[in-house]
Student: 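Sharing a structure below in structure tokens format, with a few things to ask.
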Amino acid sequence: MQISKEQIQLVNEKVEAGHGTQFNFLAQTLDAKGVDVNTVIKQLADFQVAIPSWALGAGGTRFGRFSYFGEPSNLEQKINDVGIIHSLTQTAGAISLHIPWDVPEDYNAIKELATANDLVFDAVNSNTFQDQKDAKESYKYGSLSNVNKAVREQAVQHNIDVVEIGKKLGSKSLTVWLADGSNFPGQNNFQTALQHTEESLKEIYKGLPEDWKMFIEYKPYEPNFYSTVIQDWGTSFMLANACGDKAYTLVDLGHHLPNTNIEQIVSTLMMKGKLGGFHFNDSKYGDDDSTVGSVKPYSLFLIFNELVYGMKNNPQNPYPAWMIDASHNIKDPLEDLIQSLEAIQEAYAKALLVDQKALKEAQLANDVVVCQELLQEAYRTDVRPLLREARLKSGGALHPITAYRSLQVRESLIEERGKYAVASGL
């Protein structure tokens, strides 16, 4: 299923007049404050977030999984689903594949399908946290950190194979998330595990093309209950430095202990030129993978405030790769992703409205009250008309969720794929 520009235009016509009134009022208000509204709109339109191929079906827990029906059962259908999201939002112009869940059978056909949906291929993601069919070695006791050299070599080769797949698709980066760790004290020697991991990552790094990047993800706990080899940003940063200039830390919002100051981590990594990628989600307790901005929207804004500052003031840091990484347990996954994209854009827009010059002056004067007022003035601004205007100018829907439902997208997908289709890889 594909949504045409004409379909979106017909849906927009019903609400366009109301949008014009709201946008004009906000634009005049911001203009009086010295904000270049056209520049902000262009920045919003240019901001693209990758959709992971594994997030298009129903998620679940180890206790159960509840489908929303009509799930994409192959890579082609996943690309079409991302195309639907992008046509409505105009901010999801990339798809990130997980290997071996989504290995193309016909690379040319897959690339043509992506182009038809106005998509490019973002980072490719390796999988050494599961045993695959016919694999010679098992990852039960770790992969890149395993005490068994044969297991480590298999895991390294898998990552190199993933890079080769990415090269055929036009991707330029590899994401490595390591589930390695231990469940009990004494199970692993911490130093040996870390040393093996560093050596393995260096081997993978050798296989990177010159114009590629490697993103090293971290997570404090899970699936192991006692230790994780790459448990925090400092360990990831250390490993990235050990590998070389093309290796970077990847920040996942859910991969932190409660109340961690993520915005400070972001700021430090950008200052050091080592923030490579970003996985958006939200959480209440841990790695809950909830809809972006559904639990801690102000924290998301503070993170974006540091991202906006860093992108302007830290030329040593490459432009980060943006991606959503969430699990959709009871929502329609496409609606959840649309809501996440809206929350990301909203936080970004608000951060763009922060008067950085005035904030710097207040910081230098130690005027803590004014510092808070400047941040909250931007945060309290209803920027949704700016997001709608950016979508309108790009050919997207003013209200993507409303358009999604009025066009009966899920119903059409169920009719096309069947009610009990199950997304591959989950």
Side-chain angles (χ1 to χ4, degrees), residues 50-55 74-76 78-79 94-114 119-180 196-218 223 229-230 236 239-240 242-244 246-248 250 276-277 279 321 323 325 423-426:
I51 304 297
S53 60
W54 63 88
N74 54 48
L75 178 54
E76 289 80 1
K78 291 179 179 182
I79 291 173
I95 181 170
S96 182
L97 301 191
H98 199 292
I99 310 300
W101 294 343
D102 296 302
V103 179
E105 295 181 3
D106 184 332
Y107 284 89
N108 288 331
I110 287 298
K111 288 193 290 185
E112 289 174 2
L113 180 61
L119 303 175
V120 297
F121 290 94
D122 199 72
V124 282
N125 302 261
S126 60
N127 182 335
T128 62
F129 54 84
Q130 294 175 328
D131 284 346
Q132 303 301 326
K133 185 180 179 181
D134 300 325
K136 185 177 179 180
E137 307 292 343
S138 173
Y139 297 134
K140 181 177 181 179
Y141 298 109
S143 58
L144 298 181
S145 72
N146 202 293
V147 295
N148 187 329
K149 185 177 180 181
V151 177
R152 300 198 303 273
E153 289 175 343
Q154 176 180 285
V156 168
Q157 186 59 50
H158 168 68
N159 278 275
I160 292 172
D161 292 341
V162 171
V163 170
E164 291 301 314
I165 291 171
K167 285 166 61 177
K168 295 178 183 178
L169 294 170
S171 177
K172 295 293 183 182
S173 53
L174 167 73
T175 296
V176 179
W177 174 64
L178 206 61
D180 292 19
H196 283 162
T197 299
E198 181 177 323
E199 292 169 353
S200 299
L201 287 171
K202 286 180 177 177
E203 286 299 312
I204 297 168
Y205 186 86
K206 289 179 184 177
L208 286 181
E210 283 301 313
D211 58 346
W212 270 55
K213 299 182 181 74
M214 180 168 73
F215 302 143
I216 303 172
E217 199 168 349
Y218 59 90
V229 175
I230 310 180
S236 170
L239 291 169
C243 287
K246 296 182 294 185
Y248 299 87
L250 184 145
H279 282 186
M323 194 185 82
D325 186 3
S424 58
L426 297 175

Student: Looking at K213 and L208, what are the two nearest heavy atoms and their distance?
Tutor: C-CD1, 4.1 Å

Student: Minimum heavy-atom separation for P223 to W177, with atom names?
Tutor: CD-CH2, 4.2 Å

Student: Under the rule for side-chain contact (heavy atoms from CB on, under 4.5 Å), what residues qualify as partners of A240, not counting sequence neighbours?
Tutor: I216, A247, K274

Student: Test of understanding: with ring-ring contact (aromatic ring centres under 6.0 Å, His included), list the residues that count as partners of H158, not counting sequence neighbours.
Tutor: none

Student: Report the C-alpha separation of N108 and E112 in whole Å, then their side-chain angles, then the decisive distance to 0.1 Å, and conclude whether the side chain to side chain donor-acceptor pair (under 3.5 Å) test is met.
Tutor: CA-CA 6 Å; N108 288 331; E112 289 174 2; over 6 Å; no

Student: Applying side chain to side chain contact (heavy atoms under 4.5 Å, CB included) to Y141 and V147, what does each step give before you reach the verdict?
Tutor: CA-CA 8 Å; Y141 298 109; V147 295; over 6 Å; no

Student: My understanding is that only residues two or more places apart in sequence, or in another chain, count here; which of them pass salt bridge (Lys or Arg N to Asp or Glu O under 4.0 Å) with E199?
Tutor: none

Student: Examine distances only and state if a side-chain atom of E203 and a backbone atom of V156 form a donor-acceptor pair shorter than 3.5 Å.
Tutor: no

Student: Salt bridge check, K140 against D131: does any charged N sit closer than 4.0 Å to a carboxylate O?
Tutor: no

Student: Nearest 0.5 Å, what's the OG-CG distance between S126 and L178?
Tutor: 8.5 Å

Student: Could you tell me the separation between the CG atom of L113 and the CG atom of L75, rounded to the nearest 0.5 Å?
Tutor: 8.0 Å

Student: Give a yes or no on whether the backbone of S143 and the side-chain of D180 come within a donor-acceptor separation of less than 3.5 Å.
Tutor: yes

Student: Quick one: pull up NE2 in H279 and CG in N125 and give me the separation to the nearest 0.5 Å.
Tutor: 6.0 Å

Student: Can you tell me how far the NE2 atom of H196 sits from the CG atom of N148, to the nearest 0.5 Å?
Tutor: 10.0 Å

Student: When rounded to the nearest 0.5 angstrom, what distance separates CG in D102 from OG in S96?
Tutor: 9.5 Å

Student: Just jot down the salt bridge (Lys or Arg N to Asp or Glu O under 4.0 Å) partners of D134, sequence neighbours excluded, or say none.
Tutor: none

Student: Using the salt bridge (Lys or Arg N to Asp or Glu O under 4.0 Å) criterion, which residues pair with E217? Sequence neighbours excluded.
Tutor: none

Student: Between L144 and V176, is the side chain to side chain contact (heavy atoms under 4.5 Å, CB included) condition met? List the steps.
Tutor: CA-CA 10 Å; L144 298 181; V176 179; 4.1 Å; yes

Student: List the atom of N127, the atom of F129, and the distance in Å for their closest heavy-atom pair.
Tutor: OD1-N, 3.1 Å

Student: Roughly how far apart are E76 CD and I110 CD1, rounded to 0.5 Å?
Tutor: 4.0 Å

Student: Is there a side chain to side chain contact (heavy atoms under 4.5 Å, CB included) between T128 and N159 once you walk through the steps?
Tutor: CA-CA 9 Å; T128 62; N159 278 275; 4.0 Å; yes

Student: Which heavy-atom pair separates I165 from Y107 by the least distance, and what is that distance?
Tutor: CG1-OH, 3.4 Å

Student: Would you please test D325 and W54 for side chain to side chain donor-acceptor pair (under 3.5 Å) and show each step?
Tutor: CA-CA 9 Å; D325 186 3; W54 63 88; 3.1 Å; yes

Student: Can you tell which of Q132, Q130, Q154 makes a side chain to side chain donor-acceptor pair (under 3.5 Å) with Y139?
Tutor: Q154

Student: Provide the closest heavy-atom pair for Y205 versus G244 in the form atom of the first, atom of the second, distance.
Tutor: OH-C, 3.3 Å

Student: Would you please name every residue forming a salt bridge (Lys or Arg N to Asp or Glu O under 4.0 Å) with K168, sequence neighbours left out?
Tutor: none

Student: Taking all non-hydrogen atoms of both residues, which atom of K167 and which atom of P209 are closest, and how far apart?
Tutor: CD-CG, 3.7 Å

Student: Does M323 reach the side chain of P52, with side-chain heavy atoms less than 4.5 Å apart?
Tutor: yes

Student: Is it the case that the side chain of S173 and the backbone of M214 share a donor-acceptor pair, with hydrogens and angles ignored and the cut-off at 3.5 Å?
Tutor: no

